[in-house]
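Only one structure is covered here, and it is reproduced in the block below.
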Amino acid sequence: MTPSGLPQVVWFKRDLRVEDHAALACATVAGPVLCVYAVELEHWRQPCTSDRQWQFVRECLLSLDAQLQSLGTALEIHVTPVIQMLDALYQRLGPFTLHSHQETGGLWTYARDRAVDAWCRDHGVRWHEYPQNGVVRPVSRRGRRFKEHWDAWVAAPLERLASHLVWLEPASDQTVSLLPTAIKADPLPCAGRQSGGLQPARDLLDSFLDSRGQGYGANMSSPATAEHGCSRLSPHIAHGSLSLRQIAQTMLQAREAAPRTHWHRQLHSYVTRLWWHCYALQVLENQPEMERQALVPEMEQLSRSMDTARFDAWRLGRTGWPMVDACMRFLHHHGWLNFRMRAMLVTTATHTLSLPWRPVADWLSQMFVDFEPGIHYTQIQMHSCMAASPVLRLYNPVTQARELDPQGEFVRRWVPELAAVSDEWIAMPWAMPSTLRDRFGLVGTRDYPAPLVDFEQVHRSVKAEIAARRSSLGLQAAPGFNERPRQSARGQRTPAPKQVDAKPSSQMSLF
């Protein structure tokens, strides 16, 4: 990009870093730069947001400001809608060029970005958007399978700032001191929330490579071991403390240094999940309506009515299935849960308890500090069967408890009502004889409830209902939800996404 002399405005969104930041790097080459962030209060009123998320973002913004100050500038904060921010900047700066990363977000940010595009066209402002996380917009520009595209994207050099930096003076009354300390009332506290910012992200990456990742493959499924065995970088990826490409390159370099070893396999497994992460974002990019609409509308006719008592029991961790309740309470406290147990919470709600998927999606999105729309809604659609996925995933909470927490240590920690229950009964305390219930202090259902439904009976009915609907209507899985792994030339199992291109539209296809 050649220098234009015009002011270059970098709008930070879910990319709260300086390193490997395409928008910032290109802006610093083109002219004097002003870095801005809009605290959009309307966004934080959406049902998918929470104060636990804001607290993480706020820490990332403070870290970003410190990074910018080390380069000779600061982050300018606007507690206002983006359009009002742009109006104010135009009045102050005159014509300018706007830079930002593309955002594959929810329907609210999609509508916001369309409004920004219209504003830029009306004011003659050029808006340069840069891809992030390997997502292609529109997908027709990709020209190859997503995995091949992603490999090339990851291998590209990290973005670098210009050697000579020229900054515009930020407004003295728009400093990070404007950041609200709280942005909305959360229904539950999150005392174990991770910290945001560059240094916590680097510490997690370093500790994963130093030791924590050695048991990654074995530790990721159980909530008891995943807390320390997973990378825990997901909130930093979601909000951009580190770029996903930085993380992927670091992991690939470590993998290449450990050929044909156990450690090599763990790193390969982790990198595979990074590309699946980006693939899920691409699925949302192509089908943004999945936030509120079933991707296969006929699946909405399944028997799923709102039962407030069941929903409250599920969201508060009082279903009567110890593993389900322990995982929900763990999520309350940490704002994070491993992937397999997230899936179990969704299938318990939408299949076992026959609850509608939208309030389930909203509750979980609030709870996740690492809420990423592309990951969240693709998984909700798949596990609730709204995408008519060919594989029906039904998680038996007793089986999960016995496989992943055989001694009941995780359950006893998060469901202290069951602290005295023996290993034999910890996975299904409702089946204990009454004499044992009395001995362990469980009188009736006052201390810990019995399951809300008969799991086996309900699941037989659910399986039959879904199979009948798929068969009678000849339903096919939504595009992007019917992939199967295939054997590569080297014998490794690699995904072969074929359907993501089937729908040409994208979140920004109208631009």
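Worth saying up front: this structure is predicted, and the values here are computed from it rather than measured.
- A donor-acceptor contact closer than 3.5 angstrom is absent between the side chains of H228 and R212.
- Under the 30°/60° scheme for interplanar angles, the aromatic rings of Y279 and W276 are found to stand perpendicular.
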Where do R342 and L364 land on the side chain to side chain contact (heavy atoms under 4.5 Å, CB included) test, with the steps shown first?
CA-CA 9 Å; R342 295 186 191 209; L364 290 176; over 6 Å; no

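- At least one donor-acceptor pair closer than 3.5 Å links the side chain of S207 to the backbone N or O of L204.
- A 4.5 Å side-chain heavy-atom check between Q174 and H78 finds at least one atom pair inside the cut-off.
- Looking at S100 and W127, their side chains do bring a donor and an acceptor atom within 3.5 Å of each other.
- Annotation: R126, atom CZ; neighbour count of heavy atoms from other residues, nucleotides and ligands within 6.0 Å does not exceed 12.
- Closest heavy-atom contact between C60 and L16: CB-CD1, 3.6 Å.
- With sequence neighbours excluded, the residues satisfying salt bridge (charged side-chain N to carboxylate O under 4.0 Å, His left out) with E59 are R193.
- Cation-pi geometry between R273 and Y216 is not satisfied (NZ or CZ under 6.0 Å from the ring centre, within 45° of the ring normal).
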Can you check side chain to side chain contact (heavy atoms under 4.5 Å, CB included) on W263 and L209, steps first, answer last?
CA-CA 10 Å; W263 183 221; L209 289 172; 4.0 Å; yes

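- R232 and D203 are not joined by a salt bridge, as no carboxylate oxygen comes within less than 4.0 angstrom of a charged side-chain nitrogen.
- In terms of modelled atom types and a separation under 3.5 Å, the side chain of S365 and the main chain of D362 share a donor-acceptor contact.
- At least one donor-acceptor pair closer than 3.5 Å links the side chain of T272 to the backbone N or O of H268.
- In this structure a side-chain-to-backbone donor-acceptor pair under 3.5 Å is missing from E103 to T109.
- Salt bridge status for D423 with R412: present, with a side-chain N to carboxylate O gap under 4.0 Å.
- Relative ring orientation between H21 and H101 is described as tilted, the plane-to-plane angle lying within the 30° to 60° band.
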Using the rule given for side chain to side chain contact (heavy atoms under 4.5 Å, CB included), can you reason through Q266 versus H262, listing the C-alpha separation, both sets of side-chain angles and the distance that settles it, and then say yes or no?
CA-CA 6 Å; Q266 305 310 299; H262 170 79; 3.0 Å; yes

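- At least one side-chain heavy atom of S50 sits under 4.5 Å from a side-chain heavy atom of Q53.
- Using a distance-only test at 3.5 Å, with no hydrogens or angles considered, a donor-acceptor pair links the side chain of W167 to the main chain of L71.
- Expressed to the nearest 0.5 Å, how far CD of Q379 lies from CZ of R393 amounts to 8.0 Å.
- Considering only heavy atoms from C-beta on, W314 comes within 4.5 Å of L345 through its side chain.
- Here the closest heavy-atom approach between residue W54 and residue L179 is recorded as CH2-CD2, 3.9 Å.
- L316 CG to H332 NE2: the interatomic distance, rounded to the nearest 0.5 Å, is 6.0 Å.
- In this structure, CD1 in I380 is found 13.0 Å from SG in C385, a value given to the nearest 0.5 Å.
- Each of F56, F368, W414 was evaluated against H334; a single residue qualifies, W414, per the ring-ring contact (aromatic ring centres under 6.0 Å, His included) test.
- Nearest heavy-atom pair, F146 versus G134, reported as atom, atom and distance to 0.1 Å: CE1-O, 3.5 Å.
- With rounding to the nearest 0.5 Å, the separation of CD in Q249 from OG in S243 is 7.5 Å.
- Using modelled atom types and a 3.5 Å distance limit, the side chains of D51 and Q55 yield a donor-acceptor pair.
- Side chains of E285 and Q102 form no contact here, defined as non-hydrogen atoms less than 4.5 Å apart.
- Taking the side chain as every heavy atom from C-beta outward, V116 and L98 approach each other to under 4.5 Å.
- Summarising the geometry, atom OG1 belonging to T348 is positioned 9.0 Å from atom CE belonging to M341; distances are rounded to the nearest 0.5 Å.
- A distance of 8.0 Å separates CE of M386 from CH2 of W357, quoted to the nearest 0.5 Å.
- Counting all heavy atoms, side chain and backbone alike, V135 lies closest to C278 at CG2-O, 4.0 Å.
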Step by step, would you call K13 with D113 a side chain to side chain contact (heavy atoms under 4.5 Å, CB included)?
CA-CA 11 Å; K13 299 193 281 183; D113 285 356; 3.3 Å; yes

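- A donor-acceptor contact shorter than 3.5 Å links the side chain of R52 to the backbone of M367.
- Salt bridge absent: D405 and R413 never bring a charged side-chain N and a carboxylate O closer than 4.0 Å.
- Shown are L233, D20, L252; of these, the side-chain contact (heavy atoms from CB on, under 4.5 Å) with I247 is made only by L233.
- Put simply, the side chain of I183 reaches to within 4.5 Å of the side chain of V39, judged on heavy atoms.
- Side-chain contact between M220 and N338 is absent, with no heavy atoms from C-beta onward closer than 4.5 Å.
- In this structure the side chain of T104 never reaches within 4.5 angstrom of the side chain of N133, judged on heavy atoms.
- Considering all non-hydrogen atoms of both residues, E227 and F330 come closest at OE1-CE1, 3.6 Å.
- Ring pair H351/H383: centre-to-centre distance not below 6.0 Å.
- With salt bridges taken as basic N to acidic carboxylate O contacts below 4.0 Å, one links K147 and D151.
- Between F371 and H376, the ring planes are perpendicular. Angles over 60° get that label, and only those under 30° would be called parallel.
- Across all non-hydrogen atoms, the minimal contact from L107 to R292 is CD1-CG, 4.1 Å.
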